[in-house]
Amino acid sequence: MIIAETERLLISEFKKEDAPFFLELTNTPNALKYIGDKDLKSVEDAEKYLINKTIKSYNDFNFGFYKLELKGEKNNPIGTCGLAKRKELDDVDIGFSFLPQYEGKGFGYEASKKVMALAKQTFKLDRLIAITVPHNKNSIKLLEKLGFTCEKRVKPFEDDEELLLFAKKL
């Protein structure tokens, strides 16, 4: 189901059938380096993740991570952008990830602006956060371009890795 559109993108909910793409996306070098290894090694692993995490989020919170496709190239997903409510964090967090060939082309900004508008208008959120590892310079640059400011360093997860927490009032 298409949630929104931008000038170049279709933004839609993931389905179980998107598992092959999701497997590829989560195992790109930058996803592994900056987001972490989700231990998805097969299409079946990716299906389970989509069902138990991503699709569950749509049911639990009415939002989640969305599949991004280029307009005019249906069934050619290029990345994800969306919202997550994590038990370890007080606020809803925005995130994004792209296949390597689509990084640095403005798709993150374009998708994030639309997802931020949905967060405010549809989901009635008044604040968003974003977390990133301190060495992810491209993510930090994008968050600052979107108007987020770094508030503090946090260690929200069991791996004890220190992350930067950015925030923005909507």
Side-chain angles (χ1 to χ4, degrees), residues 1 3-4 6 9 11-14 18 21-22 25-28 30-40 46 48-68 77-99 102-104 106-170:
M1 175 169 81
I3 300 299
T6 68
L9 299 169
I11 302 172
S12 60
E13 290 184 351
F14 276 102
D18 295 313
F21 163 70
F22 192 74
L25 181 67
T26 56
N27 284 292
T28 65
N30 279 345
L32 293 170
K33 181 177 179 181
Y34 297 126
I35 298 169
D37 190 345
K38 295 185 184 316
D39 197 32
L40 303 181
K48 288 177 191 165
Y49 187 95
L50 285 171
I51 291 166
N52 296 325
K53 302 270 189 175
T54 307
I55 295 168
K56 184 178 186 309
S57 180
Y58 304 148
N59 295 326
D60 292 350
F61 305 111
N62 293 321
F63 56 74
F65 278 91
Y66 302 108
K67 177 176 63 173
L68 305 174
I78 65 165
T80 186
C81 181
L83 303 168
K85 180 60 190 117
R86 304 176 198 275
K87 66 182 184 301
E88 301 89 352
L89 299 167
D90 293 334
D91 296 292
V92 173
D93 138 51
I94 189 169
F96 36 80
S97 180
F98 292 88
L99 294 175
Y102 297 101
E103 292 175 356
F107 294 118
Y109 182 80
E110 188 174 327
S112 295
K113 288 294 279 187
K114 182 55 90 171
V115 168
M116 289 165 54
L118 288 170
K120 181 176 182 166
Q121 296 158 3
T122 304
F123 307 124
K124 308 300 183 206
L125 300 174
D126 59 5
R127 173 180 154 96
L128 284 179
I129 62 167
I131 51 175
T132 186
V133 293
H135 58 277
N136 189 344
K137 303 300 182 205
N138 289 337
S139 185
I140 292 167
K141 184 178 170 185
L142 175 54
L143 291 170
E144 290 172 342
K145 183 176 179 180
L146 290 165
F148 284 78
T149 55
C150 187
E151 284 191 350
K152 60 186 173 181
R153 292 176 177 265
V154 295
K155 292 183 179 180
F157 306 115
E158 290 178 11
D159 64 9
D160 205 37
E161 182 174 22
E162 187 174 74
L163 304 173
L164 300 177
L165 186 142
F166 286 77
K168 177 182 175 66
K169 281 255 184 227
L170 299 178

Check: Is a side-chain donor or acceptor of S12 paired with a backbone partner of I3 at a separation under 3.5 angstrom?
Finding: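 Checking the backbone N and O of I3 against the side chain of S12, no donor-acceptor pair under 3.5 Å is found.
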Note to self: Using only atom types and a distance under 3.5 Å, with no angle test, would you say the side chain of N27 pairs donor to acceptor with the backbone of L40?
What the structure shows: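 Present.
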With rounding to the nearest 0.5 Å, note down the distance linking [atom1] in [X] to [atom2] in [Y].
X: T54; Y: K67; atom1: OG1; atom2: NZ; answer: 12.0 Å
X: T149; Y: F166; atom1: OG1; atom2: CZ; answer: 8.0 Å
X: K56; Y: I51; atom1: NZ; atom2: CD1; answer: 13.0 Å
X: F148; Y: L165; atom1: CZ; atom2: CG; answer: 10.0 Å
X: L164; Y: K152; atom1: CG; atom2: NZ; answer: 12.5 Å
X: K53; Y: F22; atom1: NZ; atom2: CZ; answer: 10.0 Å

Decide yes or no for [X] and [Y]: does some side-chain heavy atom of the first lie under 4.5 Å from some side-chain heavy atom of the second?
X: Y58; Y: F14; answer: yes
X: T6; Y: F107; answer: no
X: P134; Y: R153; answer: yes
X: E13; Y: Y66; answer: yes
X: L9; Y: K114; answer: no
X: S97; Y: I35; answer: yes
X: V92; Y: F61; answer: no
X: C81; Y: I11; answer: no

Note to self: side-chain contact (heavy atoms from CB on, under 4.5 Å) for F21 and L99? Distances and angles first, verdict last.
What the structure shows: CA-CA 10 Å; F21 163 70; L99 294 175; 3.8 Å; yes
How close do [X] and [Y] get, counting heavy atoms only, and between which atoms?
X: I94; Y: S112; result: CD1-O, 4.0 Å
X: K155; Y: D160; result: CD-OD1, 3.3 Å
X: E151; Y: A167; result: OE2-CB, 3.3 Å
X: A4; Y: L118; result: CB-CD1, 4.1 Å
X: D91; Y: R127; result: OD2-NE, 2.9 Å
X: F63; Y: K85; result: CE1-N, 4.1 Å

Next item on the list: Would you tell me whether N138 and E103 have side-chain atoms, one donor and one acceptor, within less than 3.5 Å of each other?
Entry: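 Short answer, no.
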Check: Hey, is CD on E158 packed in by over 12 heavy atoms from elsewhere, all under 6.0 Å?
Finding: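 Open: at most 12 neighbouring heavy atoms sit under 6.0 Å from CD of E158.
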Margin query: Can you tell me if D90 has over 12 outside heavy atoms packed within less than 6.0 Å of its CG?
Written below: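 Result for CG/D90: open.
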Note to self: Working note: L68 + E110, criterion side-chain contact (heavy atoms from CB on, under 4.5 Å); need CA distance, chi angles, decisive distance, verdict.
What the structure shows: CA-CA 11 Å; L68 305 174; E110 188 174 327; over 6 Å; no
Notebook entry, point to check: With ring centroids as reference points, do Y109 and F96 lie under 6.0 angstrom apart?
Noted result: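 No, too far apart.
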